[in-house]
*Asks:* 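Provided herewith is a single structure, encoded as structure tokens, for subsequent inquiry.
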There are 2 protein chains.
Amino acid sequence: MARVGIKDVAREAGVSTATVSLVLSGKTQARIPAATRERVHRVAAEIGYAPNSLARGLRTRRTHTIGLVSDQIATTPYAVRMIEAAQDVARERGFLLFLVNTGSDPAVERASIDALLAHQVDGLVYACMWHQVVEPPAGLPAGTVFLDARPSAGGFPAVVPDDHGGAVAAVRELVEQGHRQIGYLASDDHPRPIASRLRWEGYCEVLRGAGIEPDPQLVVRVPVATAAGGAQAAGVLLDLPRGHRPTALFCFNDRVAMGAYRAARHRGLEIPRDLSIVGFDDQDLVAAALDPPLTTVALPHYAMGRWAMETLLGLRDPPADDDVVLMPCPLVRRDSVAPPPA
Amino acid sequence: MARVGIKDVAREAGVSTATVSLVLSGKTQARIPAATRERVHRVAAEIGYAPNSLARGLRTRRTHTIGLVSDQIATTPYAVRMIEAAQDVARERGFLLFLVNTGSDPAVERASIDALLAHQVDGLVYACMWHQVVEPPAGLPAGTVFLDARPSAGGFPAVVPDDHGGAVAAVRELVEQGHRQIGYLASDDHPRPIASRLRWEGYCEVLRGAGIEPDPQLVVRVPVATAAGGAQAAGVLLDLPRGHRPTALFCFNDRVAMGAYRAARHRGLEIPRDLSIVGFDDQDLVAAALDPPLTTVALPHYAMGRWAMETLLGLRDPPADDDVVLMPCPLVRRDSVAPPPA
DNA sequence: GAACCCTGCTCAAACGGTTTACCAAGCTCT
DNA sequence: AGAGCTTGGTAAACCGTTTGAGCAGGGTTC
């Protein structure tokens with residue numbers, strides 16, 4: 001059973017393949033009377049014509065496919081929203097998305113990019129699951145969009161979360177409630193130095209703005225940003241002598257905050273009465289599920305994913321060269337912040 | 001700057017395009033001496049030849065692409081491991097993966113499948129993010145593999161988690177510790193009737209096997225399977241009069257278990273001393289992060305994803321028609337189970 | 001009545017590979 | 001010497017579509 005092609009339609013409709021092509025691809029400027037158009041459409045439907053995008057792509061040099069290469073896809077669950085967003089935009093515009101997960105292996109990355117280019121993708125998104133600065137692999141086509149990653153030397157459109165701004169909002173929330181002694185549970189996790197540094201800078205900036213000199217004793221690095229690490233790190237801050245102990249904790253992320261909850265509970269501290277906590281990431285699985293629900297800063301994964309695909313498809317003006325777009329990270333107020341105890 | 005093609009290589013190497021094709025596609029049975037092969041390869045590398053998979057696919061009728069259409073991708077974070085697994089297998093075999101997220105919209109689903117077929121994918125995976133029985137859309141090519149979904153009328157290879165077996169393992173763990181009054185926090189969430197029913201059946205089976213008649217009072221449906229719902233549902237069981245109150249809780253999933261922890265804590269019950277809890281799903285973000293870490297049943301997302309892609313690519317024998325493969329759900333022992341209080 | 005312009009198409013050349021059939025030259029065997 | 005085999009290739013069709021150039025025939029204009 002041979003596939004039915006444009007020439008079968010042409011034969012059945014008594015026209016040439018050129019006409020069929022003209023009609024089916026909706027070239028309205030071609031001078032084809034409505035009667036013929038209708039006949040072609042009818043025949044095509046009758047005999048079950050299905051187009052072959054390969055042939056079309058070969059001829060037109062546009063495939064309506066986009067490649068998305070990502071370092072990871074499943075490790076940080078909510079980051080997958082970026083991929084969802086990119087896919088949504090692509091689909092809305094009639095594009096199909098090739099998804100590749102390189103596991104951060106440069107050889108795989110190379111091979112994947114080559115395979116995608118061999119498949120004549122119309123564009124590439126280079127995504128990371130955490131905000132990182134990356135050395136772009138050689139041979140990326142111009143116009144490749146960086147998602148949640150900034151190319152070390154610029155030269156590509158890129159979007160990353162505004163970690164600094166998010167931290168400012170978070171810490172300002174605490175300061176406005178009257179806190180003066182605010183601890184920061186920083187990450188020392190391998191791949192996320194920038195995010196932690198930017199958040200720390202935002203933290204310092206707000207404190208200084210409020211006339212508080214950041215106390216180095218109040219920032220502790222958690223070696224691996226999990227609940228266990230957070231519990232331990234929070235512990236050292238909560239065990240500080242009275243008067244030195246922070247009344248609020250700004251946590252590198254929600255998992256660390258989850259650990260901070262545990263540390264507080266073990267010491268009989270009630271949140272937010274005795275201790276205010278704000279997290280980062282808004283992983284709703286943990287942030288909203290904590291008791292009390294955690295005030296945190298949302299990472300704009302969906303917005304970044306959309307932005308990336310939209311600029312790739314030319315639906316919005318790309319930023320000036322070497323300008324990295326900072327996507328706002330909104331504060332999500334829940335119930336873990338209150339004024340400090342008297 | 002025209003792309004360099006096979007004919008450029010041919011010209012530079014002083015051979016025909018046929019020879020170049022033969023060499024580059026590694027047809028070892030063709031009688032081409034090593035010297036010529038080497039020359040072709042060298043020239044190709046020198047002038048930066050990059051193959052065009054479209055042209056190749058057009059001719060060979062195989063594109064080395066697979067389409068994966070999924071109802072959702074980001075809602076249940078760890079389910080994305082299925083996609084990762086499928087992608088890993090595809091990549092290992094030199095296949096590229098088209099990812100489509102339909103949002104459960106039949107029109108989008110239709111259009112997406114048509115687009116994938118137009119792109120001449122070599123195969124399709126139809127995936128759901130929760131174990132479901134689905135009415136397959138019309139026009140799915142034979143051999144389409146169902147992932148975490150069973151086609152209502154059979155006819156396609158399919159793999160789903162062995163919810164029943166997982167529940168048996170979970171409840172047996174409790175029974176073996178000596179529990180006799182075991183509550184079940186069931187789900188009434190809209191899209192997951194099968195999973196909850198199968199787990200419930202496993203629960204009943206183990207109890208009966210141990211000579212315990214399941215007590216309808218001890219199963220409570222949580223309308224929406226979140227921590228909040230779980231806390232509420234667990235509360236009704238924990239507030240039962242002494243002697244009727246369960247000593248252990250089997251939870252539909254880890255989020256519900258998280259709520260059960262909270263309900264227990266509010267009532268001054270210590271886990272596992274006063275109450276044993278086992279979850280389901282092994283969402284490590286919550287299961288491993290709870291205090292104490294939660295004993296639960298793992299959903300074999302990665303294994304199912306691999307299985308799906310492997311059978312699609314013909315790397316393993318497909319099951320007999322209408323046979324749905326049940327992937328084992330292993331019990332993950334952590335610290336939330338102990339013998340009942342004396 | 002010649003020149004020109006519409007209208008409604010068609011022709012055929014791409015696009016970039018793969019593959020089948022065939023060929024020329026040289027050697028071997030009888 | 002001629003048949004037959006081996007070696008090292010090549011020619012050309014083919015995959016399914018798009019698209020620029022062109023053409024036949026009728027109507028209009030000057």
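Below, read A as the first sequence line, B as the second, and so on, with proteins coming before strands; counting in each chain starts at 1. This structure is a prediction, so every number in the text was calculated from the model and none was measured.
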*Asks:* Taking B:Ile73's backbone N and O only, do any of them form a donor-acceptor pair with B:Ser70's side chain (distance below 3.5 Å, no angle check)?
*Replies:* no

*Asks:* Does OP1 or OP2 of C:dA14 have a side-chain N or O of A:Arg59 closer than 4.0 Å?
*Replies:*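 Answer no for this pair, as no side-chain N or O of A:Arg59 is under 4.0 Å from OP1 or OP2.
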
*Asks:* Got a second to check how far B:Gln87's CD is from B:Arg81's CZ, nearest 0.5 Å?
*Replies:*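 If we round to the nearest 0.5 Å, B:Gln87:CD and B:Arg81:CZ are 12.5 Å apart.
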
*Asks:* If we ignore hydrogens and angles and just use 3.5 Å, is the side chain of B:Arg37 paired with the main-chain N or O of B:Ile32 as donor and acceptor?
*Replies:* yes

*Asks:* Think A:Lys7 has a side-chain N or O under 4.0 angstrom from the OP1 or OP2 of D:dT17?
*Replies:* no

*Asks:* Return the value, rounded to whole Å, for the distance between atom CG of A:Leu22 and atom P of C:dC11.
*Replies:*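 That distance rounds to 14 Å.
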
*Asks:* What nucleotide, of D:dT17, C:dG8, C:dC11, holds the atom closest to the side chain of A:Ala18?
*Replies:*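 Of all the options, the side chain of A:Ala18 is nearest to C:dC11.
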
*Asks:* Using the closest heavy atom to pick a nucleotide of DNA chain D for each, name whichever of B:Arg39 or A:Leu58 lands nearer the 5' end.
*Replies:* B:Arg39

*Asks:* So what does A:Val20 touch, heavy atoms closer than 4.0 Å: a base, only the sugar-phosphate, or nothing?
*Replies:*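 The residue A:Val20 makes no contact with any strand.
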
*Asks:* Give a yes/no answer on whether the side chain of B:Thr19 brings an N or O atom under 4.0 Å of OP1 or OP2 in D:dT10.
*Replies:* yes

*Asks:* Is there a side-chain polar atom (N or O) of B:Arg61 under 4.0 Å from OP1 or OP2 of D:dG16?
*Replies:* yes

*Asks:* Counting any heavy atom closer than 4.0 Å, what does B:Ala35 reach on the DNA or RNA strands: base, sugar-phosphate only, or nothing?
*Replies:*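 B:Ala35: no heavy atom of the nucleic acid under 4.0 Å.
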
*Asks:* Strictly below 4.0 Å: does B:Ser16 bring a side-chain N or O up to OP1 or OP2 of D:dA11?
*Replies:* no

*Asks:* Nearest-nucleotide wise, let me know which of A:Lys27 and B:Arg31 is further upstream toward the 5' end of DNA chain D.
*Replies:* B:Arg31

*Asks:* Heavy atoms from C-beta onward define the side chain here; which of C:dG16, D:dT17, C:dT18 lies closest to that of B:Ala55?
*Replies:*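 Selected nucleotide: C:dG16.
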
*Asks:* Could you tell me the separation between the CD1 atom of A:Ile32 and the P atom of D:dT19, rounded to a whole number of Å?
*Replies:*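 It is 14 Å, rounded to the nearest whole Å.
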
*Asks:* Would you mind reading off the distance between A:Leu24 atom CG and D:dT19 atom P, rounded to a whole angstrom?
*Replies:* 13 Å

*Asks:* Could you give the CZ-to-C1' distance, from B:Arg3 to C:dC15, as a whole number of Å?
*Replies:*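 Between C1' of C:dC15 and CZ of B:Arg3: 11 Å.
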
*Asks:* May I have the distance from A:Arg62 (atom CZ) to C:dA14 (atom P), rounded to whole angstrom?
*Replies:* 22 Å

*Asks:* Using OP1 and OP2 only, check whether a side-chain N or O of B:Tyr49 sits under 4.0 Å from C:dG17.
*Replies:*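 B:Tyr49 to C:dG17 OP1/OP2: side-chain N or O found under 4.0 Å.
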
*Asks:* Does the pair B:Glu92/B:Arg306 count as a salt bridge with the N-to-O cut at 4.0 Å?
*Replies:*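 Looking at B:Arg306 together with B:Glu92, the answer is yes, because their closest N to O distance falls below 4.0 Å.
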
*Asks:* Would you kindly give the CZ-to-C1' distance between B:Arg56 and D:dG16, to the nearest whole Å?
*Replies:*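 So the CZ-C1' distance, B:Arg56 to D:dG16, works out to 18 Å.
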
*Asks:* Distance check needed: C:dG17 C1' versus B:His64 NE2, whole Å only.
*Replies:*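 Interatomic distance, NE2 of B:His64 to C1' of C:dG17: 15 Å.
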
*Asks:* Can you find a side chain N or O atom of B:Thr36 that sits less than 4.0 Å from OP1 or OP2 on D:dG9?
*Replies:* yes

*Asks:* For the pair made of CD1 in A:Ile6 and C1' in D:dT18, what is the distance, rounded to whole Å?
*Replies:*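 Distance, rounded to whole Å: 8 Å.
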
*Asks:* Between the side chain of B:Ser112 and the main-chain N/O of B:Val108, is any donor-acceptor distance below 3.5 Å?
*Replies:* yes

*Asks:* Over all strands shown, is B:Ser53 touching base, sugar-phosphate only, or nothing at heavy-atom distances under 4.0 angstrom?
*Replies:*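 Here B:Ser53 touches no strand at all.
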
*Asks:* Is a side-chain N or O of A:Arg11 found less than 3.5 angstrom from the main chain of A:Thr17, in a donor-acceptor match?
*Replies:* no

*Asks:* So A:Leu54, base contact, sugar-phosphate only, or nothing? Heavy-atom distance under 4.0 Å.
*Replies:*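 No contact.
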
